[in-house]
Amino acid sequence: MRIWSVYNLKGGVGKTATAVNLAYLATQAGYQVLLWDLDPQGASTWYFRAKPKLSIKAKHLVAEKEAIGQVIRSTVHEGLDIIPADFAYRNLDVMLKKGDADVGLFRRLLQPCDEMYSLVIVDCPPSLSRLAETIFAMTNTLIMPIIPSHLSLRAYEQVVQRLKKLDKHPDTVLPFYSMVDMRRRLHKEWLASPPPSLKKPLRTVIPYSAVVEKMGEYRAPVQMYAPGTPVAEAYRRLWKEIVKRDGELN
Ligand SMILES: Nc1ncnc2c1ncn2[C@@H]1O[C@H](COP(=O)(O)OP(=O)(O)OP(=O)(O)O)[C@@H](O)[C@H]1O
Ligand SMILES: [Mg+2]
C-alpha cells in the first residue's frame with residue numbers, strides 16, 4: 001500500500017482538485033483507493049458526496065481506541081472509499097502528541113487497510129503543524145501543487161527547509177505547476193526556466209481552466225463530465241508521471 005499526500009503550506013493552490021482527480025484516475029486504472037480527507041474544510045468529502053459526520057470521535061481514533069475501518073465510507077465510484085473529513089478534525093493538532101510523527105502513528109492506524117487498498121491519497125490542510133508532520137512521517141510520495149508565484153515558491157521553500165529538519169519525512173517530494181496561465185509573464189518564465197530552489201518540478205503542468213471550477217457544479221472529478229478537455233488530459237498525464245516517479249505502486 002502506497003501513501004500519497006497532496007500537500008502545500010499555501011492554501012488554494014489546487015490540492016483538493018488534485019487529490020480528487022488522482023483518486024478517480026487511480027480507480028480507473030484498476031486500483032483500490034482510499035481517499036483520506038484530513039482537511040476540516042471537507043472539500044474532497046463534499047466533491048465525492050460522502051457524509052461528513054463521523055460516528056467515531058477523532059480523539060478516540062488518534063488514541064488508537066477505535067479502528068480506522070469504522071470511519072471508512074464507500075463512494076458511488078467503484079474501487080474508491082473515503083475517510084470523510086469531520087469538522088472535529090479542526091482539533092487534530094491538539095489531539096496529536098509530540099512524538100506521534102516519530103512513532104508513525106498514522107501509518108499504524110492505516111495498517112489494517114494494507115490488504116484492502118493499493119493506494120491511499122491524503123487531501124491535506126494548508127498548514128505546517130504537528131498534523132502536517134504526522135502526515136509527512138507516513139507519506140511515501142508528497143505531491144505539491146505550486147502556482148507560479150513568489151509567495152507560492154516561498155511556501156514551498158519553507159516546507160523543504162522543515163522537511164530537512166525532520167527525522168521522518170516522505171521518500172519523494174514531487175512539486176508540479178498548478179493553475180498555469182501562459183498569458184502571464186511569470187508563469188511563462190518559470191515554466192521555461194524554473195527558479196533554482198524549485199527542485200525538479202514534474203513535467204506535467206495543470207493549466208488554469210474553468211473546467212476545474214465546474215467540479216463544484218457537478219460534484220465530480222473532471223474525467224466524468226469533461227474527459228476530452230486539455231485539463232482532463234493534463235490530469236491523466238499527471239497521474240502517469242507520478243506513478244512512474246513513485247515506482248512502487250502495484
Ligand atoms: N487548474 C485549475 N484551474 C482553475 N481553477 C482551479 C484549478 N485548480 C483548482 N481550482 C479552483 O481553485 C480553488 C481552490 O482549489 P482547491 O480547493 O483544489 O485548492 P486547495 O489547495 O485544496 O485549497 P485549500 O488550501 O483551501 O484546501 C477552487 O475553487 C478550485 O475550483
Ligand atoms: Mg483543499
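Ligands are counted one by one from 1 in listed order, and the atoms in each one are counted from 1 as well.
Nearest to atom 19 (O) of ligand 1 among the protein's heavy atoms is Gly14 N, 3.1 Å. The closest protein non-hydrogen atom to atom 29 (O) of ligand 1 is Glu213 CG, 5.0 Å. Counting only heavy atoms of the protein, atom 28 (C) of ligand 1 lies nearest to Tyr47 OH, 4.9 Å. Ala17 N, 2.9 Å is the protein heavy atom nearest to atom 18 (O) of ligand 1. The nearest protein atom to atom 9 (C) of ligand 1, hydrogens excluded, is given as Met179 CE, 3.4 Å; this is a heavy-atom distance.
Inclusion of Asp123 in the set of residues having an N or O under 3.5 Å from an N or O of ligand 1 is not warranted. Among the atoms of Tyr208, none of the N or O lies under 3.5 angstrom from an N or O of ligand 1. For ligand 1, the polar-atom distance check finds an N/O of Lys15 within less than 3.5 Å of one of the ligand's N/O atoms. When only interatomic distances are considered, the shortest N/O to N/O separation between Ser209 and ligand 1 falls below 3.5 Å. The shortest N or O to N or O distance between Ile206 and ligand 1 is not under 3.5 Å. Between Val13 and ligand 1, at least one N/O pair is under 3.5 Å apart.
Counting the atoms of ligand 1 from 1 in the order shown, those under 4.0 Å from a heavy atom of Pro126 are 25 (O).
Remark: the Ser44 side chain and the Asp37 side chain contain an N/O donor-acceptor pair separated by less than 3.5 Å.
The side-chain contact (heavy atoms from CB on, under 4.5 Å) test with Phe106 is passed by exactly one of Val120, Leu131, Thr139: Leu131.
The residue Thr18 has no part lying near ligand 1, judged by heavy-atom distances below 4.0 Å. Neither the backbone nor the side chain of Ala210 has a heavy atom within less than 4.0 Å of ligand 1. Using a 4.0 Å cut-off between heavy atoms, Met215 makes no contact with ligand 1 at all.
Under the 30°/60° scheme for interplanar angles, the aromatic rings of Tyr7 and Phe136 are found to stand perpendicular.
Counting only protein N, O or S atoms closer than 2.8 Å to the Mg ion (ligand 2) gives 1.
The OG1 atom of Thr16 sits 7.0 Å away from atom CD of Gln41, with the distance rounded to the nearest 0.5 Å.
Ion pairing between Glu189 and Arg185 holds under the 4.0 Å rule for side-chain N and carboxylate O.
For the salt bridge (Lys or Arg N to Asp or Glu O under 4.0 Å) test, no residue two or more places apart in sequence or in another chain qualifies with Arg90.
Atom CZ of Arg108 sits in a crowded spot, with more than 12 heavy atoms from other residues, nucleotides or ligands closer than 6.0 Å.
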